[in-house]
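The block underneath contains the structure these notes are about, expressed in structure tokens.
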Amino acid sequence: MERKSFQLGDIVQMKKQHPCGSNEMEIIRMGMDIRIKCVGCKHSVLIPRAKFEKNMKKVLRSTEENTES
């Protein structure tokens, strides 16, 4: 299985939505654990990298796209 690629500042879609109703999260810290911030209500959560990779559906907006132009 191909490893999902993501980086700091990306907006990602998660499999389950946040209790506020949004399923878009922004990656604000990376390491062994990843801190993501809900785009809807700005609440942040720290989760282990393995759990994040399992629950992430896709990258919606990448910071790489913004820096190329």
Side-chain angles (χ1 to χ4, degrees):
M1 190 168 111
E2 184 181 327
R3 194 159 181 168
K4 297 174 183 171
S5 63
F6 50 87
Q7 59 187 2
L8 195 64
D10 286 357
I11 306 292
V12 297
Q13 181 180 17
M14 303 300 282
K15 288 183 181 175
K16 294 183 181 177
Q17 24 176 287
H18 191 253
C20 75
S22 175
N23 63 349
E24 293 183 11
M25 301 283 187
E26 178 184 1
I27 300 172
I28 56 175
R29 180 183 177 274
M30 288 178 61
M32 280 303 292
D33 295 326
I34 294 183
R35 184 170 296 275
I36 54 177
K37 180 171 70 172
C38 178
V39 173
C41 67
K42 308 295 187 219
H43 184 262
S44 69
V45 181
L46 185 67
I47 58 175
R49 180 180 282 268
K51 186 174 180 182
F52 173 80
E53 288 179 357
K54 182 179 154 228
N55 292 331
M56 183 184 89
K57 260 190 182 176
K58 62 182 176 182
V59 176
L60 297 174
R61 291 184 295 278
S62 177
T63 54
E64 192 174 276
E65 295 169 357
N66 297 338
T67 57
E68 288 176 0
S69 359

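Just the heavy atoms: all of them, side chains too, but no hydrogens, waters or symmetry mates, feed the values below.
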Co-membership, hydrophobic cluster, residues [X] and [Y], 4.5 Å side-chain:
X: Phe52; Y: Val45; answer: yes
X: Val12; Y: Ile47; answer: yes
X: Met14; Y: Leu8; answer: yes

Side-chain donor/acceptor pairs under 3.5 Å, residues 29-44, sequence neighbours excluded:
unit_1: Arg35; atom_1: NH1; unit_2: Ser44; atom_2: OG; d: 3.4
unit_1: Lys42; atom_1: NZ; unit_2: Val39; atom_2: O; d: 3.4

>> Strictly by salt bridge (Lys or Arg N to Asp or Glu O under 4.0 Å), give each pair with a member in residues 12-24 just once, sequence neighbours left out.
In response: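 Qualifying pairs, neighbours excluded: Glu24-Arg61.
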> Partners of Lys51 by side-chain contact (heavy atoms from CB on, under 4.5 Å), sequence neighbours excluded?
Replying inline: Pro48, Asn55
>> I need the Met56 CE to Asn23 CG distance, nearest 0.5 Å.
In response: 13.0 Å
